[in-house]
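A short write-up of the structure that comes next.
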Number of protein chains: 2
Amino acid sequence: MRRPSEPPARSRRARGRSGAVTGPLPADHPCAGCAARLETFCRILDAETLARFKALGSTHRAESHQCLFHEDDPTRFVYNLTRGTLKLYQLLPDGRRQIVGFVHAGDFLGLGTDTAHAFTAEAVEAAEYCRIARGPFARFLDGHRGLARELYLTAAQDLAEAREQMTVLGRKRADERLATFLLELSNRMPPPRARPEVVRLAMNRTDIADYLGLTKETVCRAFTALRKAGLIGLVPGHGVELIRRRGLEALAGGDPD
Amino acid sequence: MRRPSEPPARSRRARGRSGAVTGPLPADHPCAGCAARLETFCRILDAETLARFKALGSTHRAESHQCLFHEDDPTRFVYNLTRGTLKLYQLLPDGRRQIVGFVHAGDFLGLGTDTAHAFTAEAVEAAEYCRIARGPFARFLDGHRGLARELYLTAAQDLAEAREQMTVLGRKRADERLATFLLELSNRMPPPRARPEVVRLAMNRTDIADYLGLTKETVCRAFTALRKAGLIGLVPGHGVELIRRRGLEALAGGDPD
DNA sequence: CGGACTTTTGACCAGGCTCAATAATAGTGG
DNA sequence: CCACTATTATTGAGCCTGGTCAAAAGTCCG
């Protein structure tokens, strides 16, 4: 009753060779947003403190489809993702799945205070992370109030994003949901944005569907609809070019960036 | 573009006379859960500190359909609801509305750190609240780390609830959503529960619909379906009797209480 | 080249939405 | 206390978006 509905098949990411929009997307497509978050974290701690912080934990690697922990597992660690992407999901008894968020490099995970995890954390693509037991982590926090405050801001930000997603799930049509999602990925990177702007999709159609409360077929149709409307272009290697950003924003119904 | 779709008509609460399930539901239907939360808050502060805390702010009253603040308003205050119920909602440009949460007596509001509110807070029924400017509130927090920690736990709890709601909105059918909602209301009160157990709905069908991502007609049909299945009973005066709790839990697809 | 996936498209179906009518409640003034 | 009115809740009929099932096309990698 706690297993994903899809078989645990493994998928490997594209190995693009050229950064041109006409060619495949490079696998090491830069995510300026992730870099910015890592930098924010480091800004709080000087180099020496950061080293002591990292020494508290251990570094690990998760391949695609590996789980860091499952729903209902006891919460033993706090995680900081240093590379890759995770998906966080809840399952209904009959296998229906809802992805409640993606975790990108630089993000913290497991800061909640419950005794058991409310969701499963699974790697979408090969990931590296730093894991720290909760006890040492809490003691470290006691000596670094600035960090504690920063983590509180993180939680508040996550809450705001979760509420935005509630509006997406409760009130938007399929094409509006997809437009919102693509802009969300794009907005992780601070401006100025590259022209043409291309976002890389680390997750497949099924994952996008489970995040947007749709089926993979409907997600495909929505991609096609946006493409035929001239709003996006599909780039080989899991890339999506945002051709008419204003049009996407209008469709997403959100406030323009 | 920021106005609710429904006209701002005013509605007054029922004035029930008898607590029997066969009669109308009393207007002052007790909410033990609210009391428990207030108590948690008070447990952190001794009587004298609590008095000083309250002296920092001012008490206000909001009638049904009055707003404490609107989406995009600058965040100037922190709120503590002492009586009544609020709904928090976001609006799409065309008037579609999503209620991202209800606020009950004892709950804090506005602890997020953004400069602008991400949602509108409107009274569902007559409410009383204590309002404290953010500056004094932050200074008070600096001297009371226990309270700061408690508020962090609150945010973490809100985040967990928002993610649960994402699963409701993304993956559950109408009757499952309603069952989940009714259990949510019921679970606000700590056991042991009264027999027969009756929850009072402070909000109307439209608000429930906007919370569950449905229309008011579908909510009505779901109520009828649960009633015909013998799971609930509708009590005059906005009451719902949970007749077969196990059945509701099975339908909601969540973990049994 | 070949096999396993993933993505895309098509045809059909159904759960929930829209529009509309009726019933039930709550508030008002006599 | 009761008729009268406004609002809310319920039910019905038909439609539409998105789900289901199935098949074809495209990718990835050995």
Side-chain angles (χ1 to χ4, degrees), chain A residues 5-17 23-25 27 64-65 94-97 124-125 169-178 201-210 212-228 232 234-240, chain B residues 5-17 23-25 27 63-65 94-97 124-125 169-178 201-210 212-228 234-240:
Chain A
S5 48
E6 51 175 6
R10 90 211 62 79
S11 74
R12 206 74 44 90
R13 227 174 41 207
R15 272 300 174 78
R17 288 160 304 276
L25 198 70
S64 179
H65 292 98
D94 62 1
R96 280 175 285 177
R97 185 175 72 162
V124 161
E125 55 183 350
L169 292 170
R171 288 296 178 229
K172 290 189 185 177
R173 293 195 319 265
D175 53 348
E176 298 171 332
R177 295 187 199 197
L178 182 57
L201 302 178
M203 64 295 288
N204 62 26
R205 298 289 188 264
T206 301
D207 287 339
I208 296 173
D210 283 347
L212 297 179
L214 302 168
T215 60
K216 59 183 187 301
E217 293 92 340
T218 299
V219 169
C220 273
R221 284 185 251 269
F223 266 110
T224 302
L226 296 191
R227 185 168 51 74
K228 289 193 173 164
I232 64 171
L234 296 185
V235 179
H238 308 286
V240 178
Chain B
S5 48
E6 52 175 5
R10 90 213 60 79
S11 75
R12 207 74 44 92
R13 226 174 40 210
R15 272 297 175 80
R17 287 161 304 276
L25 199 69
E63 297 304 322
S64 178
H65 292 97
D94 62 1
R96 279 175 285 177
R97 186 175 71 163
V124 162
E125 56 183 348
L169 292 169
R171 287 295 177 233
K172 290 190 186 179
R173 293 196 319 266
D175 53 348
E176 296 170 333
R177 296 187 198 197
L178 182 57
L201 302 178
M203 64 295 288
N204 61 27
R205 297 289 188 263
T206 301
D207 286 339
I208 297 173
D210 283 347
L212 297 179
L214 302 168
T215 60
K216 58 182 188 299
E217 292 91 340
T218 300
V219 169
C220 272
R221 284 184 251 267
F223 266 110
T224 302
L226 296 192
R227 185 169 49 76
K228 288 192 174 165
L234 296 184
V235 179
H238 309 286
V240 178

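Convention: sequence-line order gives letters A, B, ...; per-chain numbering from 1.
Rounding to the nearest 0.5 angstrom, the gap separating the NE2 atom in A:H238 from the CE atom in A:M203 is 11.5 Å.
Counting only heavy atoms from C-beta outward, the side chains of B:L234 and B:V240 approach each other to under 4.5 Å.
For D:dG18, neither phosphate oxygen OP1 nor OP2 lies less than 4.0 angstrom from any side-chain nitrogen or oxygen of A:R173. Between A:R205 and the phosphate of D:dG26, there is no side-chain N or O to OP1/OP2 separation shorter than 4.0 Å. Residue B:T224 places none of its side-chain N or O atoms closer than 4.0 Å to OP1 or OP2 of D:dT10.
Using a 4.0 Å heavy-atom distance criterion, A:R177 is classed as making no nucleic acid contact. Heavy atoms of A:L234 sit under 4.0 angstrom from primed sugar atoms or phosphate atoms, though from no base atom.
Scanning both residues, A:T218 and A:A174, for their nearest heavy atoms gives CG2-CB, 3.7 Å. For the residue pair B:L169 and B:R177, the shortest heavy atom distance occurs at O-NH2, 3.3 Å. Closest non-hydrogen pair, B:F223 versus B:L178, comes out as N-CD2, 3.4 Å.
The side chain of A:N204 has C:dT7 as its nearest neighbour among C:dT9, C:dT7, C:dA26. Relative to the side chain of B:T215, the nucleotides C:dT18, C:dT9, D:dG19 differ in distance, and C:dT18 lies closest. In this structure, the nucleotide among D:dG18, D:dG12, C:dT8 sitting nearest to the side chain of A:C220 is C:dT8.
In this entry the distance linking CG of A:L214 with P of D:dT20 reads 11 Å, nearest Å. Protein atom CD of A:E125 is 20 Å distant from nucleotide atom P of C:dC5, rounded to whole Å. The interatomic distance linking B:D207 (CG) with D:dT7 (P) rounds to 16 Å, in whole Å. Rounded to an integer number of Å, the gap from CZ of A:R97 to P of D:dG19 is 15 Å. In this structure, the CD atom of A:E176 is 12 Å from the P atom of D:dT17, given to the nearest Å. In this entry the distance linking NZ of A:K216 with P of C:dT6 reads 10 Å, nearest Å. Separating the NZ atom of A:K172 from the P atom of D:dG18 is a distance of 13 Å, rounded to the nearest angstrom. In this entry the distance linking CZ of B:R96 with P of C:dG16 reads 18 Å, nearest Å.
The salt bridge (charged side-chain N to carboxylate O under 4.0 Å, His left out) search around A:E176 returns A:R173, B:R96, not counting sequence neighbours.
In terms of position along DNA chain D, the nucleotide closest to B:K228 lies nearer the 5' end than the nucleotide closest to the other residue of the pair B:K228 and B:R171. The residue among A:V219 and B:E217 whose nearest nucleotide of DNA chain C lies closer to the 5′ end is A:V219.
Where the helix from C:dC1-D:dG30 to C:dG30-D:dC1 starts and where it ends, the local axes point in directions that differ by 50°; five pairs per end, rounded to 10°.
Looking only at distances, no side-chain donor or acceptor of B:R221 sits under 3.5 Å from a matching main-chain atom of B:K216.
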Go through it in stages, so that I can follow the logic: the residues are A:R97 and A:T206, the test is side chain to side chain contact (heavy atoms under 4.5 Å, CB included), and I'd like the CA-CA distance, side-chain angles, deciding distance and then a yes or no.
CA-CA 10 Å; A:R97 185 175 72 162; A:T206 301; 4.0 Å; yes

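Below the 3.5 angstrom threshold, one finds no donor paired with an acceptor across the side chain of B:R221 and the base of C:dG15.
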